[in-house]
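Here's the structure we're looking at; comments come further down.
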Amino acid sequence: MRAQREVWGETLALLGESDPTLVVVDGDLANSTKADLFARRFPERFVEVGIAEQNMVGIAFGLWTLGYRPWLSTFGVFLTHRALDPIRMLVSQTGASVRLAGSYSGLLNGSSGKTHQDVEDLAIMRAMPHMTVIAPADDIEAEAVTRWASDHEGPVYVRFARDAVGRVFPEGYEFIPGRTLVLRTGAEVALVSTGVQTSRVLEAAEALARQGVDAAVIHVPTLKPLDAESLLDSLGEHSTVITVEEHSVLGGLGGAVSEVVAERRPGMTVHRIGLLDEWSESGPNAFLLDKYGLSSMRVAEQVVDLLGTAGATAP
Amino acid sequence: MRAQREVWGETLALLGESDPTLVVVDGDLANSTKADLFARRFPERFVEVGIAEQNMVGIAFGLWTLGYRPWLSTFGVFLTHRALDPIRMLVSQTGASVRLAGSYSGLLNGSSGKTHQDVEDLAIMRAMPHMTVIAPADDIEAEAVTRWASDHEGPVYVRFARDAVGRVFPEGYEFIPGRTLVLRTGAEVALVSTGVQTSRVLEAAEALARQGVDAAVIHVPTLKPLDAESLLDSLGEHSTVITVEEHSVLGGLGGAVSEVVAERRPGMTVHRIGLLDEWSESGPNAFLLDKYGLSSMRVAEQVVDLLGTAGATAP
Amino acid sequence: MKTEEAASTSRRPAKAPGCSIAEMQATARSARWHILHTVANSKAGHIGGPLSMTDLVVALYFSELRIDPEWPDAPLRDRFVLSKGHSAIGLYSVLALRGYFPVSELATFDHGNSRLQGHPDMKLTPGVDVSTGSLGQGLSAGVGIALGAKMRGLDFRTWVLLGDGELQEGMVWEAINSAARYGLSNLTAIVDLNGLQQFGWPRVEGRDRFDRSEPWSHVDLEAIFRGFGWNVVQVDGHDFAAILAAFEEVRERADEGRPAVILARTVKGEGISFTRGTYKWHNGVADEQQLATARAELGMDEVAR
Amino acid sequence: MKTEEAASTSRRPAKAPGCSIAEMQATARSARWHILHTVANSKAGHIGGPLSMTDLVVALYFSELRIDPEWPDAPLRDRFVLSKGHSAIGLYSVLALRGYFPVSELATFDHGNSRLQGHPDMKLTPGVDVSTGSLGQGLSAGVGIALGAKMRGLDFRTWVLLGDGELQEGMVWEAINSAARYGLSNLTAIVDLNGLQQFGWPRVEGRDRFDRSEPWSHVDLEAIFRGFGWNVVQVDGHDFAAILAAFEEVRERADEGRPAVILARTVKGEGISFTRGTYKWHNGVADEQQLATARAELGMDEVAR
Ligand SMILES: Cc1ncc(C[n+]2csc(CCOP(=O)(O)OP(=O)(O)O)c2C)c(N)n1
Ligand SMILES: Cc1ncc(C[n+]2csc(CCOP(=O)(O)OP(=O)(O)O)c2C)c(N)n1
Ligand SMILES: [Mg+2]
Ligand SMILES: [Mg+2]
């Protein structure tokens, strides 16, 4: 298993060979995001902007007007918060093919703590009209999504994790935008996740199985545009759905699933596991996943509690 | 009826008399937001920052560390998009008592068009941990909320409209944070709204009544923290809920209501009326409300359609 | 590059056929008239900013820019970015007079379903190269365009017009630094130093020209731009001969490998007595009486005849 | 004002009892040692930035600042904002040595449930006045603090330390303008010109000092700050005598009604041979061998004895 950021950098370095419109615009973080792999291969198509995220977006937009199709390289939180206004006006409102790589997503960013953690990116980018929002599960899907987004015309935000996670997909997996996938069937409850959290939810399902809880696992890589039909097919006849995300429980995956279910599947109950409107902190990955309830063990625990308590309330 | 922005400016000019910690930090828009009413009265407590929204937030934070409790004055879209990163780190993460007045909210901003319209603010601010998010319905509630927020310790975002709308509340109305209000009872469907759209939804309910559709109207001024119990009480035994907001249908009021209902009231159906992941344009208020489906007449139409089509799908 | 061949093989538009200063002055008067009465007719819009930049924009479109109204997206056209997007009606008036679309279409400004939005929309309006409206973003876009032209070896110039209040936006300074870092001599910024923004600060007696404080009267803008490695040209933004000379100087010094900024001293609301030099006309709607006054001052009746 | 009386009646903390330059140099060596081994022990963290600013921060806390470790939130204390928040471990090391919390607590850096976060958190750490981490925001906070002090007539000075790469953030320039506009002579910015950022640009032979490009070698920072109406003092950021003189000059010129910036020429990774002058040690984890080398170079064994 490789880290998603590595896969992203390596894939761009490959695609650069055949796609002369591919340029990378960096915000002084290429050696963290791994855009440096592209920079070494194509220095003339690597544009360093320095620590100026708004300007990165404006420059990427300008390059797009001349036929280039840029990828942006910085930490996700500095795109979704520091550069949101230029993304809105120069990328979303113009339909520019500017690809936003939100690196170091979620909580696990090498102990940098809450100023660098992005637990709102899915909610923020989902609310922006015309934005495509994708969160791949592992290295395999990260590569497929990087390739897909590189060909796609129009704005795309992709969430990439800093560190490697357990494999979810087989080699040769094909990413189909909008499609949700049933990774594991189960009768008692449907666990719905996105991004690298899906990998930990699969482990949680294993743990639950050992405790005699038969949980299905559904992966939603494309948060927007959300293919409601595909999601509903995956949810099937389940009566209890629990979303799990390395993100706030407000407006992200849990919000998207709740919107669809509340409208199309009255009768289905949706519980949401994730950050409970709180900021996190610095710490080793294992510590953070455990403390904030996202480790496979803690997810399994919460699922058992939720199944135990009828009409349980997530705070 | 007065415009909410006028009420905000006048109320601050009054509160300034008794509250020496009240300061207003402006982004070169005081004569639009009406912060100029405070500026004229208390020039020494009016801080003009010019066209630099990020800096406005940083300066407001600094003033707070010395015991001041600032209100920010600019268009909402430039707070929620241009200044989101400083709001995150210096206001939300520090718990600063900085009050964000998002003026010229929604579509109706004097023909400025989509670069100035904010149809994502509720989703964005709702996703930010520890942020209080309020959208008053009329001039009366705008004054009550301005007074409440001026006393409140901690970050608050309040959505204010540029132009006056039909009265919703009586003089002497008391704002209670979190409380949702049943403004009109009705057996067939519960229309849930927020901000000045509530006023138009009340008119829609009148129109529906004339067509023999008995619709309840529920107003949710506090989007966050959302008082789920209060919302559920208001929703009562309704089986069909339709949210209506001058905002995207993704992640805002519709998202918040869907999250609560999908978890606590399986069986209830929630449809969402608002902007369908689209940008709007320049135009007179009446034109925009009609074209984007938010005028009382267009809301009534859509309600009839939704009630007509079982399990209807909002795009 | 998809448009590579297209661009390299496509011809570069020529400059406008020699247009006399007298003609440009007349064109500017018509543009100012269209600004005032169009906004009055649509009941909303900006006035002071469009009027202060009118002469600069007329000089660009009727003398300097290599563009073709018949071929608005010619790959080798010069680019113009109106970073101070709230002055859209000023740009629309000049584009219409230059032939990008019928002057009659100006009447749709700010109405629903119009190609002429309150702020410039590159997806709707022929001749608009970049969408703007949220201040401070245009120069970054211009840096990206100029950098892309350099990377692709395309020979055209990119012009970005900014407001003096707009210069308070940090994003502008991020772009100022990048333009110098990349030696973008194919990029020219013009600052419309009209001395007023929307609200700003109280005027300082003896220092400020008008009824509110000048956005930059407390600093030395020329020294700052030079410090950032830009070429700086100061000019009277209402003197066509001087403006054209400034444009020429910028072009001739392009070999110095530095971006250039033209600091254009202007007057907000220039050209109409009651809008001149007051922040109160940042935006506004003229009444019948005022329209008549302006019509006379701008000599529109003669034109009509 | 809630804290009005409190503030006005409260005493202003005194400066640190005269501390010799030799003592400060020794303190700086200990601080550098704590930076390197604490990060090695927590397996993550920044090195180069903390090391380049060490002498400046030691000079502030052991000589210049009027603060009281026993009374971290004294209303009339001088304020210090570490705008380049990623250098937190450098600040923590100095705060610990100054007595804000036990040196032993440094071992909790970056661990879970620690008061010492990867980036400074004013809600957790005694002595931290402003939370930082997202670059470019500290100067605006400092402007707000200095402006508030002026509005309330409180007599203390606000210091903000920025990185040279950080200066690329537009928000910094918004604050530079505001500080001048409001004549904040009670505000001092210090720029840690260590010549490197995290990745940056390839070095230009003969122009740049280290293995990547200097963030500002292509511009004249002094001219820019002067243009903005700031007093500018250039100093060698590793020469204590010069640093103290710069601090004094800043205080003495406070009557000029201008904010001041100290452009401190430093070396990223200063003080340890293998971290010095290379972007590769922007962050990093030293191994046993390297720790031993540093320990010797910093004379930690003597100190221990
Ligand atoms: C980011 C942003 N903040 C605020 C505004 C609102 N606004 C529109 S025009 C204006 C004043 C602009 O002043 P200046 O740049 O001097 O323009 P001019 O004087 O030429 O009209 C302001 C604050 C905006 N459009 N964008
Ligand atoms: C807004 C923002 N963008 C990017 C980063 C990631 N980052 C942390 S340190 C750094 C380089 C800083 O360089 P400089 O300011 O010169 O600091 P120093 O050399 O003193 O370490 C970057 C890009 C950040 N913390 N904040
Ligand atoms: Mg101006
Ligand atoms: Mg540096």
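Predicted model, so just to flag it, every value in this text is computed and none were measured. Just so it is clear: chains get the letters A, B, ... in the order the sequence lines come, proteins before strands, and each one is counted from 1. No hydrogens, no waters, no symmetry mates; every other heavy atom, side chains included, goes into these values.
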Which answer fits D:Met151, side chain, backbone, both or neither, if we ask what part of it has an atom under 4.5 Å from a heavy atom of chain B?
-> both

What part of D:Arg79 is in contact with chain B, defined as an atom under 4.5 angstrom from a non-hydrogen atom: side chain, backbone, both or neither?
-> side chain

Given B:Ala60, B:Gly62, B:Pro70, the one with more heavy-atom pairs under 4.5 angstrom with chain D than any other is B:Gly62

Side-chain contact, heavy-atom cut-off 4.5 Å: B:Thr65 with D:Asp129?
-> no

Report yes or no: does B:Asn55 contribute a side-chain atom to a donor-acceptor pair with the main-chain N or O of D:Met171 at less than 3.5 Å?
-> no

Side-chain touch B:Gln54/D:Gln137, heavy atoms, less than 4.5 angstrom = no

Would you mind checking which part of B:Val25 comes under 4.5 Å of any heavy atom in chain D, side chain (CB onward), backbone (N, CA, C, O), both or neither?
-> neither

Any B:Asp85 side-chain heavy atom under 4.5 Å of D:Glu169 side chain | no

Correct closest heavy-atom pair for D:Met122 and B:Thr94 would be SD-CG2, 3.7 Å

Cut-off 4.5 Å, heavy atoms of chain B, and the answer for D:Ala149 is both

Most heavy-atom pairs under 4.5 angstrom with chain D, which of B:Arg45, B:Glu44, B:Glu48, B:Met56?
-> B:Glu48

Atom pair OH (D:Tyr182) and CD1 (B:Ile59), whose distance is rounded to the nearest 0.5 Å | 7.0 Å

Winner by heavy-atom pair count (cut-off under 4.5 Å) against chain B, out of D:Gly138, D:Gly148, D:Gly170 | D:Gly148

Over all heavy atoms of both residues, which pair between D:Ile145 and B:Leu66 is shortest? Give the atoms and the distance, please.
-> O-CD1, 3.2 Å

Report the C-alpha distance between D:Val130 and B:Leu90 in whole Å, list the side-chain angles of each, state the deciding distance to 0.1 Å, and finish with yes or no for side chain to side chain contact (heavy atoms under 4.5 Å, CB included).
-> CA-CA 8 Å; D:Val130 173; B:Leu90 295 177; 4.2 Å; yes

Given side chains that start at C-beta, do those of D:Ser140 and B:Val57 come closer than 4.5 Å, heavy atoms only?
-> no

Taking side chain as C-beta onward, heavy atoms only, is B:Arg88 less than 4.5 Å from D:Ser134?
-> yes

